[in-house]
Amino acid sequence: MSYPLFDSGFTLWAADLDARLMERFGATARLLGVKSRLLLDAYYGGDSISATLARIGETIEGLRRG
């Protein structure tokens, strides 16, 4: 699927997600190594910030354990 070059809705969504990641992990999605494609797929797939945060959190917690 192709995505628009610029979408202010996505920009705001990603900024809110980064703010929540900073609160929880002390780093942004980029610093945590989250692929931008995952974020685009989540946003355009209709996932909420909470659902995306949970998915990223599960991945990070899994990496910490193993």
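Model, not experiment: these values are computed from the prediction. Position 1 is the first residue of the sequence, and the numbers go up from there.
In terms of heavy-atom proximity, Phe10 sits nearest to Leu39 at CE1-O, 3.8 Å. The minimum heavy-atom distance between Asp18 and Ala29, with the atom names listed, is OD1-N, 2.9 Å. The shortest non-hydrogen separation linking Thr28 to Met22 is N-SD, 3.6 Å. When all heavy atoms are compared, the tightest approach of Trp13 to Ile49 is NE1-CG1, 3.2 Å. Taking all atoms of both residues into account, the shortest heavy-atom contact from Arg20 to Ser50 is NH1-OG, 3.5 Å.
Here the side chains of Leu17 and Tyr43 are not in contact, with every heavy-atom distance at 4.5 Å or above. Under the 4.5 Å side-chain criterion, counting only non-hydrogen atoms from C-beta, Phe25 is not in contact with Leu31. Inter-residue side-chain proximity for Arg55 and Asp47 is flagged as met; some heavy-atom pair is nearer than 4.5 Å.
In this structure, Leu38 CG and Ile56 CD1 are separated by 6.0 Å, a value rounded to the nearest 0.5 Å. One distance of note links CG of Leu21 with CG of Leu32; it measures 6.0 Å at 0.5 Å rounding.
The environment of Arg30 atom CZ is sparse: at most 12 non-hydrogen atoms of other residues, nucleotides or ligands sit within 6.0 angstrom.
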